[in-house]
Amino acid sequence: MKTWVLLRGLMRESRHWGAFIPKLQAQYPEDQIIAIDWPGNGVLHQEKSLSHISDMVAHIRQTLAEQHISGPFYILAISLGAMAAVAWANAFPHEIRACVLINTSLRPINPFYHRLRLQSIPALIRLLFSNVQGKEKIILELTSTNKPQAALEQWIQFQKQFPVSSSNILRQLTAAIRYRAHQPNVPLLLLSGAKDKLVSPACSQTLASKWQVPCRVHTEAGHDLPLDDGDWALKQIEQYLSGLH
């Protein structure tokens, strides 16, 4: 039995994995799946967000310890969550069996204008001053090529129930901007959406080349690859893990 830890990105909570978690569970029916919310998001939306990736690692480990869940862990993480996964693997490599990183970007390996695509900045500024519906519509436009209406309606309800404050958004952005990554000594798989509007796909490709790890690219998917094509992502994960044994 494997234990999976799932980490979402900026402003997102565990429910934003949507149908992907049931699909992952169906693929690995004996495995344990733990989806963690960041302070400031989801059930922890009233807490102050963490502005350092190292503090996010501490939050992950404390959450797992409180639930008496021990590793080694298989990490599946997207964007900001992938930064925390890399930091965790750097600090505590014995706790990690493998990491799957989706559409991440890491300083100093990727330049700032790739880590956050310049054409997305006006939309992100509008996001800070938009109502709930406007916020989630902007996020869907930036992160998905499919842009399913059902997902938008769900996300609006999530935000109404557990709103993420603008100050917490800025704290999470600060954590992402200031983090400097080093290659961890654990197995890594990179997954990338070629039509990502938020983070340049070049980030994953450069990272794969620099660290000499596999990178698999979905030609039509955006930033939220599990939403755009979760089946494809699961296929890549299964193929990769089968090669580790």
Side-chain angles (χ1 to χ4, degrees), residues 2-10 12 17 20-21 24 27-28 31-36 38 53-54 56-61 64 70-111 114-115 175-176 179-194 196 198-219 221-226 228-230 232-245:
K2 298 186 293 297
T3 300
W4 293 84
V5 177
L6 273 57
L7 306 172
R8 288 293 308 198
L10 181 74
R12 304 290 86 179
W17 288 105
F20 185 79
I21 289 181
L24 178 64
Q27 182 158 296
Y28 302 105
D31 291 1
Q32 184 177 27
I33 299 172
I34 311 296
I36 291 180
W38 301 121
I53 296 293
S54 58
M56 293 184 173
V57 174
H59 169 72
I60 297 166
R61 298 179 74 243
L64 293 169
S70 58
F73 301 104
Y74 290 76
I75 314 304
L76 180 57
I78 183 168
S79 197
L80 176 66
M83 297 180 203
V86 170
W88 184 10
N90 266 311
F92 305 98
H94 60 283
E95 296 180 359
I96 311 296
R97 180 66 185 89
C99 286
V100 180
L101 310 178
I102 303 172
N103 285 325
T104 195
S105 63
L106 297 172
R107 176 176 174 241
I109 298 157
N110 307 124
H114 282 168
R115 298 188 66 210
Y179 175 62
R180 292 180 65 88
H182 305 280
Q183 182 173 4
N185 187 27
V186 302
L188 293 175
L189 170 65
L190 304 181
L191 300 181
S192 173
D196 190 340
L198 194 61
V199 174
S200 172
C203 289
S204 292
Q205 293 160 9
T206 303
L207 191 60
S209 176
K210 178 89 170 174
W211 286 359
Q212 293 296 289
V213 298
C215 177
R216 298 178 184 169
V217 181
H218 191 301
T219 57
H223 190 70
D224 196 339
L225 205 161
D228 281 344
D229 197 343
W232 179 89
L234 288 170
K235 183 178 179 181
Q236 310 312 310
I237 293 167
E238 173 61 25
Q239 289 177 352
Y240 177 70
L241 293 185
S242 65
L244 293 182
H245 304 300

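In this chain, numbering begins with 1 at the start of the sequence shown.
With rounding to the nearest 0.5 Å, the separation of CD in Glu238 from CD in Gln27 is 5.0 Å. Put simply, SG on Cys215 and CG on Leu207 are 8.0 Å apart, with the number rounded to the nearest 0.5 Å. Going from atom CD1 of Ile60 over to atom CH2 of Trp88 covers 5.5 Å, rounded to the nearest 0.5 Å. For the atom pair OH of Tyr28 and CH2 of Trp4, the computed distance is 5.0 Å after rounding to the nearest 0.5 Å. Atom CD1 of residue Ile21 and atom CG of residue Leu6 lie 5.5 Å apart, to the nearest 0.5 angstrom.
What you find for Gln236 and Arg216 is that their closest heavy atoms are O-NH1, 3.0 Å. In this structure, Ala194 and Thr219 approach most closely via the heavy-atom pair CB-O, 3.7 Å. Closest of all the heavy-atom pairs between Ile102 and His223 is CG2-O, 4.4 Å. Taking all atoms of both residues into account, the shortest heavy-atom contact from Met56 to Ala175 is CE-CB, 4.0 Å. Of all non-hydrogen atoms in Ile53 and Ala84, the two that sit nearest each other are CG2-CA, 3.7 Å. When every heavy atom of Ala98 is checked against every heavy atom of Leu244, the shortest pair comes out as CB-CD1, 4.0 Å.
No side-chain donor-acceptor contact under 3.5 Å links Ser204 to the backbone of Pro201. Between the Gln183 side chain and the Trp211 main chain, a donor and an acceptor come within less than 3.5 Å of each other. Of the possible polar contacts, none joining the Asp229 side chain to the Ala221 backbone as a donor-acceptor pair under 3.5 Å is found. In this structure, the side chain of Trp38 does not engage the main chain of Leu7 through any donor-acceptor pair within 3.5 Å. A distance-only check finds no donor-acceptor pair linking the side chain of Asn103 to the backbone of Asp224 [under 3.5 Å].
Take Phe92 and apply the ring-ring contact (aromatic ring centres under 6.0 Å, His included) test, not counting sequence neighbours, and it matches no residue. A search for side chain to side chain contact (heavy atoms under 4.5 Å, CB included) contacts involving Asn185 returns nothing, not counting sequence neighbours. Partners of Trp17 by ring-ring contact (aromatic ring centres under 6.0 Å, His included), not counting sequence neighbours, listed by chain and number: Phe20. The ring-ring contact (aromatic ring centres under 6.0 Å, His included) search around His218 returns Trp232, not counting sequence neighbours. Partners of Ala89 under the side chain to side chain contact (heavy atoms under 4.5 Å, CB included) rule, at least two apart in sequence or in another chain, are Ile96, Cys99, Pro184, Val186. Judged as a side chain to side chain contact (heavy atoms under 4.5 Å, CB included), and not counting sequence neighbours, the contacts of Gln32 are Met1, Thr3, Ile34, Ile69.
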message: Evaluate Leu80 against Arg12 for side chain to side chain contact (heavy atoms under 4.5 Å, CB included), listing each step before the verdict.
response: CA-CA 10 Å; Leu80 176 66; Arg12 304 290 86 179; over 6 Å; no
- request: Kindly determine whether Leu64 and Ile36 satisfy side chain to side chain contact (heavy atoms under 4.5 Å, CB included), including the steps that lead there.
  value: CA-CA 9 Å; Leu64 293 169; Ile36 291 180; 4.3 Å; yes
- request: Run the numbers on Leu241 and Tyr74 for side chain to side chain contact (heavy atoms under 4.5 Å, CB included), then give the verdict.
  value: CA-CA 10 Å; Leu241 293 185; Tyr74 290 76; 3.9 Å; yes
- request: Give the intermediate values and the outcome of side chain to side chain contact (heavy atoms under 4.5 Å, CB included) for residues Val86 and Thr104.
  value: CA-CA 10 Å; Val86 170; Thr104 195; 5.9 Å; no
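No side-chain heavy atom of Pro72 sits less than 4.5 Å from a side-chain heavy atom of His94.
Each of Ile237, Leu191, Val5, Leu234 was checked for a side-chain contact (heavy atoms from CB on, under 4.5 Å) with Leu76, and the lone residue meeting it is Ile237.
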